[in-house]
Amino acid sequence: MAKLIDGKQISANVKEQVRIETEQLKEKHGIQPALAVVIVGNDPASRVYVNNKKKACELVGFKSFEYALPEDTTQEELLELVHTLNEDKNVNGILVQLPVPKQIDDKAIIQAISPEKDVDAFHAENVGQIMIGDYKFLPCTPAGVMELIDSTGVEISGKKCVVIGRSNIVGKPMAMLLLHRSGTVTICHSRTVDLPSITREADILVAAVGKANFVTGDMVKEGAVVIDVGMNRLENGKLCGDVNFAEVEPKASYITPVPGGVGPMTIAMLMKNTLTATKLQNHITD
Ligand code: GUN
């Protein structure tokens with residue numbers, strides 16, 4: 001029987017810490033962090049994420065500005081908005097919700113965001129900083145996963161860590177963060193041959209595949225820590241992770257539920273990054 005890793009509680013703790021520091025920032029320096037959230041089009045999942053990000057801003061005491069643009073927005077129009085937000089002294093963090101509609105090149109948009117306001121840590125400058133282990137912001141989902149692993153008390157150093165998925169948002173930076181903590185890291189993906197033989201070696205297994213119930217019981221070592229980054233919407237409307245919870249839970253030592261695992265952590269880490277960005281922009285070190 002695995003112990004559940006309570007992402008709701010751990011994210012609440014992170015947000016409470018951000019709330020306290022925000023209050024101090026207001027009292028001592030008269031500064032209130034502000035996050036601009038940009039959403040393009042009508043993707044229902046993106047709408048839910050954006051609403052949750054705005055709610056979290058309210059909870060921790062940030063200002064939030066939403067820019068909801070129509071589905072047929074051009075790349076030039078979106079770039080213009082990003083440039084305006086880059087210049088706006090009242091905005092500390094900029095987040096363009098992904099995916100964007102197909103006429104827009106997301107890489108160009110990410111590169112247009114000022115690295116100092118890039119609270120997703122997607123800009124090449126921030127990605128490079130992460131690569132060399134000298135960063136201002138950590139990408140929100142991998143940073144949240146690290147908090148969840150740390151909450152178990154399981155040591156990462158020397159452990160076999162397997163990440164399934166190689167996306168720029170999760171898989172690649174996740175592997176880098178585990179490596180920084182001296183894990184022995186393997187990244188698996190759709191072309192990996194005999195995936196189960198690799199995942200079965202993992203002391204720490206992170207699934208970021210985007211396929212419901214992909215990780216089955218036979219793919220997991222007895223006693224592994226299993227982190228499920230998946231958020232898959234089933235036909236019946238239910239949310240389901242990448243891990244087959246019923247099969248894997250009896251074998252794991254610790255496991256994250258979906259919902260209530262990684263999801264809330266991503267938003268909590270976004271709040272942390274926005275606070276960090278605000279402090280950096282105002283040269284505040286306390
Ligand atoms: N879409 C899915 N996850 C994310 C995220 O972490 N940041 C942004 N900007 N878009 C996303």
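All values below were derived from every heavy atom in this structure, side-chain atoms included, with hydrogens, water molecules and symmetry-related copies excluded. Counting starts at 1 for both ligands and their atoms, in listed order.
Shortest contact from atom 9 (N) of ligand 1 to any protein heavy atom: Asp120 OD2, 2.7 Å. Nearest protein heavy-atom neighbour of atom 11 (C) of ligand 1: Gln97 NE2, 3.4 Å.
Neither the backbone nor the side chain of Tyr49 has any atom closer than 4.0 Å to an atom of ligand 1 (non-hydrogen atoms only). With a 4.0 Å heavy-atom cut-off, ligand 1 is reached by the backbone of Leu98 and by its side chain too. At a heavy-atom distance under 4.0 Å, no atom of Leu270 approaches ligand 1.
A salt bridge between Glu58 and Lys54 is absent, with no side-chain N of the basic residue lying under 4.0 Å from a carboxylate O of the acidic one.
A single hydrophobic cluster is not seen to contain both Ile169 and Met231; linkage of ILVMFWY side chains at heavy-atom distances under 4.5 Å, directly or through other members, places them apart.
Backbone and side-chain nitrogen or oxygen atoms of Thr141 are examined, and none is located within less than 3.5 angstrom of a nitrogen or oxygen of ligand 1. Taking only nitrogen or oxygen atoms, main chain and side chain alike, Leu95 does not reach within less than 3.5 Å of ligand 1.
Residues Gln17 and Asn13 bring no donor and acceptor atom of their side chains to less than 3.5 Å of each other. Residues Glu116 and Ser114 have side chains that bring a donor and an acceptor to within less than 3.5 angstrom of each other.
Ile113 has its side chain out of reach of Asp120: every pair of non-hydrogen atoms, C-beta onward, lies at least 4.5 Å apart.
Within the 4.0 Å cut-off (strictly below), a protein heavy atom is located near atom 6 (O) of ligand 1.
The contact set between ligand 1 and Val96, taken as ligand atoms under 4.0 Å from a residue heavy atom, comprises 8 (C), 9 (N).
Every residue two or more places apart in sequence or in another chain that forms a side chain to side chain contact (heavy atoms under 4.5 Å, CB included) with Pro257 is listed here: Leu4. Under the rule for a side chain to side chain contact (heavy atoms under 4.5 Å, CB included), the partners of Thr152 that lie at least two apart in sequence or sit in another chain are Ile5, Val154, Tyr254.
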